[in-house]
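This report refers to the structure that appears directly beneath it.
None of these values were measured; they are calculated from a predicted model.
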Amino acid sequence: QVQLVESGGGLVQAGGSLRLSCAASGRTYSTYAMGWFRQAPGKEREFVAAISWSAYSTYYADSVKGRFTISRDNGKNTGYLQMNSLKPEDTAVYYCAAARTYNQVVVDLRYDYWGQGTQVTVSS
């Protein structure tokens, strides 16, 4: 079992930055791939970024590439999403998730565990 708790969301002006954290419990967290998804009001949940268990591989949605950086610290059982140059269209609830394999990472059904989400609001 892996339990995930996100933090770091908030209100920021366009062009600003936020860093989301995803704290994991469970000794096997370091063996899981990790992903970030987001869901805006009235829209479907969408993939944002993913990282393999070793951090060797990362993958980003085109909409955030070059602005967001995913990382992890397995010693701290924590994952991160650094978000720079934020835009109003980045406003959403952000979720972290853990998957047993780094495979088809853009598909939310591939993830086994989810956090409760943290709200990010970007004002124009």
Side-chain angles (χ1 to χ4, degrees):
Q1 280 278 3
V2 176
Q3 292 184 322
L4 305 172
V5 179
E6 302 95 335
S7 61
L11 173 64
V12 64
Q13 288 188 332
S17 298
L18 283 174
R19 187 176 83 155
L20 305 183
S21 298
C22 177
S25 64
R27 290 175 291 179
T28 59
Y29 168 73
S30 62
T31 67
Y32 282 73
M34 189 187 75
W36 287 93
F37 288 75
R38 66 186 182 187
Q39 187 167 21
K43 295 187 177 181
E44 292 187 354
R45 185 165 58 189
E46 66 173 357
F47 169 78
V48 176
I51 188 168
S52 61
W53 69 269
S54 66
Y56 181 80
S57 298
T58 58
Y59 189 72
Y60 296 91
D62 288 342
S63 59
V64 306
K65 200 173 295 182
R67 300 189 297 122
F68 292 11
T69 302
I70 189 170
S71 62
R72 66 190 298 164
D73 184 338
N74 287 340
K76 295 182 178 179
N77 272 10
T78 302
Y80 304 97
L81 185 68
Q82 177 67 45
M83 305 186 295
N84 298 329
S85 302
L86 282 162
K87 305 175 181 179
E89 51 263 45
D90 294 318
T91 295
V93 177
Y94 282 71
Y95 300 89
C96 69
R100 288 185 175 87
T101 62
Y102 187 74
N103 184 31
Q104 295 183 298
V105 294
V106 302
V107 179
D108 56 1
L109 294 177
R110 298 292 296 179
Y111 291 80
D112 303 286
Y113 302 101
W114 291 83
Q116 84 289 347
T118 185
Q119 176 71 46
V120 171
T121 303
V122 184
S123 63
S124 58

Donor-acceptor under 3.5 Å (Asn74 side chain, Ser54 main chain) = no
query = Would you find a donor on one side and an acceptor on the other, under 3.5 Å apart, between the side chain of Glu6 and the backbone of Gln116?
reply = yes
ask   = Should Phe47 and Phe37 count as side-chain neighbours, where that means a heavy-atom distance under 4.5 Å?
value = yes
ask   = What do you reckon, is CD of Gln3 surrounded by more than 12 foreign heavy atoms closer than 6.0 Å?
value = no
query = Tyr95 versus Leu4: any side-chain heavy-atom pair under 4.5 Å?
reply = no
request  = Considering non-hydrogen atoms only, spot the tightest contact between Pro88 and Ala14 and give its length.
outcome  = CD-CB, 4.1 Å
key: Separation of Gln39 CD from Gln119 CD (nearest 0.5 Å)   = 11.0 Å
query = Gln13 side chain to Ser123 main-chain N or O, any donor-acceptor pair under 3.5 Å?
reply = no
ask   = Just by modelled atom types, is the Val122 backbone N or O under 3.5 Å from a matching donor or acceptor in the Thr91 side chain?
value = yes
inquiry  = By the definition side-chain contact (heavy atoms from CB on, under 4.5 Å), identify the one residue from Gln82, Met83, Lys76 that meets it with Tyr80.
reply    = Lys76
message = Tell me whether Tyr59 at atom OH has more than 12 heavy atoms from other residues, nucleotides or ligands lying less than 6.0 Å away.
response = no
ask   = So Asp90 and Lys87, salt bridge (Lys or Arg N to Asp or Glu O under 4.0 Å) or not? Walk me through it.
value = CA-CA 5 Å; Asp90 294 318; Lys87 305 175 181 179; over 6 Å; no
For Leu20 against Tyr94, the heavy-atom pair lying closest together = CD1-CB, 3.5 Å
task = Answer yes or no for Arg72 and Tyr29: cation-pi contact, defined as NZ/CZ to six-membered ring centre under 6.0 Å and angle to ring axis within 45°.
result = yes
ask   = Taking all non-hydrogen atoms of both residues, which atom of Ile70 and which atom of Trp36 are closest, and how far apart?
value = CD1-CD1, 3.5 Å
ask   = Same cluster or not: are Tyr32 and Val105 linked, directly or through other Ile, Leu, Val, Met, Phe, Trp or Tyr residues, by side-chain heavy atoms under 4.5 angstrom apart?
value = no
message = Surrounding NZ of Lys43 (heavy atoms of other residues, nucleotides or ligands, distance under 6.0 Å), is the total greater than 12?
response = no
task = Taking the side chain as every heavy atom from C-beta outward, state whether Tyr111 and Gln104 have any atom pair closer than 4.5 Å.
result = no
message = Using the rule given for side chain to side chain contact (heavy atoms under 4.5 Å, CB included), can you reason through Val93 versus Arg45, listing the C-alpha separation, both sets of side-chain angles and the distance that settles it, and then say yes or no?
response = CA-CA 9 Å; Val93 177; Arg45 185 165 58 189; over 6 Å; no
query = Hey, any chance Phe68 and Val12 share a hydrophobic cluster, counting ILVMFWY side chains that come within less than 4.5 Å of each other, even indirectly?
reply = yes
request  = Give the C-alpha distance, both sets of side-chain angles, the deciding distance and a yes or no for side chain to side chain contact (heavy atoms under 4.5 Å, CB included) between Arg100 and Tyr113.
outcome  = CA-CA 9 Å; Arg100 288 185 175 87; Tyr113 302 101; 3.4 Å; yes
request  = Would you give the length of the straight line joining atom CG of Asp112 to atom CD of Gln1, rounded to the nearest 0.5 angstrom?
outcome  = 10.0 Å
key: Validation row: Tyr60, Thr69 side chains within 4.5 angstrom (heavy atoms)   = yes
Contact summary for Leu81 and Ala49, nearest pair of heavy atoms = CD1-CB, 4.3 Å
inquiry  = Ignoring hydrogens, what is the shortest heavy-atom contact between Leu86 and Arg67? Give both atom names and the distance.
reply    = CA-NH1, 3.9 Å
key: Test side chain to side chain contact (heavy atoms under 4.5 Å, CB included) applied to Val2 and Met34, step by step   = CA-CA 11 Å; Val2 176; Met34 189 187 75; over 6 Å; no
message = Using every non-hydrogen atom in the two residues, find where Ser30 and Trp53 come nearest and quote the distance to one decimal.
response = O-CB, 3.2 Å
